[in-house]
Amino acid sequence: MVQIIASDMDGTLLNDEMVISPGNAAAIKHAQSLGVHFVVSSGRSLEEIKPLIQAADITCPMITLNGAIVLDENAKMISAAPIPDTVAKKIIVSLHKKGLYFEVITDKGVCSDDKAKRIENFAELLASISPDTSYKLAVTLASARMELMNINYVDNYMDLVDDPHTMICKIVVFSQEGMKVLGPIKDELSKDKNLVITSSGSRNIEINHVNAQKGVALAAFADSLNIPMDNVMAIGDNNNDASMIKAAGISYAVGNATDEIKMLAKHLTVNNTEDGVGKAIEEVLATQN
């Protein structure tokens, strides 16, 4: 019997317009009405998640930043697993030397030191998700979305590390050349046992503390409710979903998921653009009637 449902956002819960569809929202609310706990499990920050779930009239706990910060339905912090300051400094220095654009996500939000690059990266994401969207239109859409996301623009990332009241929760590195550039960086950083390196797409890598994994956070959340993992359902599409797909007793990959996630998941649903999350939820709920 499913008691918790955890869903990734990008490429899973969100459609090609980067919103939660009415079909997915209806299925989530149906599950909640039956007493099932729905949890968003995302690489995104609270500031990026909140407008999206509010637009769909959904209230739920949130596993954010791949598990670096877990929040209850009122956005109160339950747990945190930040990157140690000394480690964060080394990563920041190394990435700057390589000339790569990256963002630092703290417990206070997403931080960027280059607004133009931030818009460019988001525009390329929109264009890749929706091939019918021209790059020019994607830039316009990205610029508008940036205003809604409360991005914090900073002059120097080191100021964030040196602030004793700020936690460095995740560092995301981008390259349009994908793993050709990012692969060697991932291999280098993976040697540090304090870190876990995942990805939410082919053009980024996400650097977290080793305890900041979706599967670890989901298991801890279930344990806090005395719910066995056999009664937990997870839905995802990409590399940073692997840990929760492995941990959950009931696991689904959306149709557009990577081959790795499809191999790990016990079930397959349709694409994110076809209400894959909603259909998976209803399929599982139907077996409980």
Side-chain angles (χ1 to χ4, degrees), residues 1-44 49 52-53 55-64 66-67 70 73 129-130 198-201 213-219 221-222 225 227-289:
M1 180 180 75
V2 67
Q3 292 178 278
I4 298 174
I5 297 172
S7 175
D8 169 56
M9 294 198 80
D10 292 274
T12 305
L13 182 59
L14 304 181
N15 60 19
D16 58 353
E17 296 177 356
M18 304 294 278
V19 298
I20 300 172
S21 69
N24 281 345
I28 290 166
K29 291 172 186 175
H30 180 202
Q32 289 177 321
S33 74
L34 298 175
V36 177
H37 301 272
F38 177 77
V39 185
V40 165
S41 184
S42 176
R44 290 175 178 249
I49 294 171
L52 296 168
I53 62 174
D57 194 28
I58 293 169
T59 302
C60 64
M62 294 163 277
I63 294 171
T64 73
N66 293 332
V70 181
E73 61 272 18
I129 290 173
S130 181
T198 58
S199 173
S200 59
Q213 298 188 58
K214 292 183 180 183
V216 174
L218 182 57
F221 178 76
L225 297 173
I227 293 174
M229 289 305 291
D230 283 348
N231 293 355
V232 176
M233 173 180 175
I235 314 169
D237 78 306
N238 219 311
N239 177 251
N240 65 347
D241 301 317
S243 62
M244 71 172 183
I245 293 291
K246 290 177 183 177
I250 306 163
S251 54
Y252 274 81
V254 286
N256 53 287
T258 63
D259 289 341
E260 177 193 2
I261 296 301
K262 287 180 179 177
M263 289 289 290
L264 288 175
K266 295 173 182 174
H267 306 278
L268 184 66
T269 183
V270 296
N271 288 5
N272 66 312
T273 55
E274 303 172 277
D275 295 351
V277 168
K279 288 182 169 61
I281 290 173
E282 293 296 353
E283 182 173 288
V284 170
L285 292 180
T287 66
Q288 298 185 175
N289 293 335

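Side-chain atoms are counted along with the backbone in the values below, which use heavy atoms only and exclude waters and symmetry mates. Here the structure is a predicted model, which means the values were calculated and not measured.
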**Asked** Where do Leu268 and Ala253 come nearest, in terms of heavy atoms and distance?
**Response** CD1-O, 3.2 Å

**Request:** Can you see which heavy atom on Ala248 is nearest to which on Lys266, and at what distance?
**Result:** O-NZ, 4.1 Å

**Prompt:** With a 4.5 Å heavy-atom cut-off, do His37 and Ile227 have their side chains touching?
**Reply:** yes

**Request:** Working to the nearest 0.5 Å, report the span between OG of Ser7 and CE of Met233.
**Result:** 8.5 Å

**Item:** Minimal non-hydrogen separation, Val2 against Ile250, with atom names
**Value:** CB-CD1, 4.1 Å

**Message:** Taking Gly255's backbone N and O only, do any of them form a donor-acceptor pair with Lys262's side chain (distance below 3.5 Å, no angle check)?
**Reply:** yes

**Fill in**
dist Asn15:CG -> Asn24:CG (nearest 0.5 Å) comes out at 8.0 Å

**Prompt:** Is the side chain of Asn239 donor-acceptor paired with the backbone N or O of Ser199 at a distance under 3.5 Å, no angle test?
**Reply:** yes

**Prompt:** Heavy atoms, side chains only, cut-off 4.5 Å: are His30 and Leu285 in contact?
**Reply:** yes

**Item:** CA sep, side-chain torsions, deciding dist, call: Met9, Leu52, side chain to side chain contact (heavy atoms under 4.5 Å, CB included)
**Value:** CA-CA 10 Å; Met9 294 198 80; Leu52 296 168; 3.9 Å; yes

**Request:** Would you confirm whether Asp230, through its side chain, and Gly249, through its main-chain N or O, come within 3.5 Å as a donor-acceptor pair?
**Result:** no

**Message:** If I take atom CD1 from residue Ile235 and atom OG from residue Ser41, how far apart are they, to the nearest 0.5 angstrom?
**Reply:** 11.0 Å

**Message:** Pair Ile20, Leu14 - check side chain to side chain contact (heavy atoms under 4.5 Å, CB included), show working.
**Reply:** CA-CA 5 Å; Ile20 300 172; Leu14 304 181; 3.7 Å; yes

**Prompt:** What's the verdict on side chain to side chain donor-acceptor pair (under 3.5 Å) for Asp16 and Thr273, showing C-alpha distance, side-chain angles and the deciding distance?
**Reply:** CA-CA 6 Å; Asp16 58 353; Thr273 55; 6.0 Å; no

**Message:** Less than 4.5 Å apart, side chain to side chain, heavy atoms only: is that true for Val232 and Leu218?
**Reply:** yes

**Request:** Could you tell me the separation between the OG1 atom of Thr258 and the CG atom of Asp237, rounded to the nearest 0.5 Å?
**Result:** 7.0 Å

**Complete:** Closest non-hydrogen atoms of Gly23 and Asp275, given as atom of the first, atom of the second and distance, are CA-OD2, 3.5 Å

**Message:** Pair Lys29, Asp57 - check side chain to side chain contact (heavy atoms under 4.5 Å, CB included), show working.
**Reply:** CA-CA 9 Å; Lys29 291 172 186 175; Asp57 194 28; 3.5 Å; yes

**Prompt:** Side-chain contact, heavy-atom cut-off 4.5 Å: Cys60 with Glu73?
**Reply:** no

**Prompt:** Between Val40 and Ile58, does a side chain to side chain contact (heavy atoms under 4.5 Å, CB included) hold up when you go through it step by step?
**Reply:** CA-CA 10 Å; Val40 165; Ile58 293 169; 6.0 Å; no

**Message:** Tell me the closest heavy-atom pair linking Asn272 and Thr12, and the distance in Å.
**Reply:** CB-O, 3.3 Å

**Item:** Heavy-atom check, side chain of Met244 versus side chain of Asp8, under 4.5 Å
**Value:** yes

**Request:** From the options Ile5, Ile53, Ile4, select the one residue that forms a side-chain contact (heavy atoms from CB on, under 4.5 Å) with Phe38.
**Result:** Ile5

**Prompt:** Is the closest side-chain heavy-atom distance between Val36 and Ile281 below 4.5 Å?
**Reply:** no

**Student check: side-chain heavy atoms of Gln3 and Leu225 closer than 4.5 Å** = no

**Asked** If you measure from CG on Asn240 to CG on Asn66, what distance do you get to the nearest 0.5 Å?
**Response** 4.5 Å

**Prompt:** Hey, what do you get for CZ (Phe221) to NZ (Lys214), rounding to the nearest 0.5 Å?
**Reply:** 15.0 Å

**Item:** Heavy-atom closest contact (Gly11 atom, Val254 atom, distance)
**Value:** O-CG2, 3.5 Å

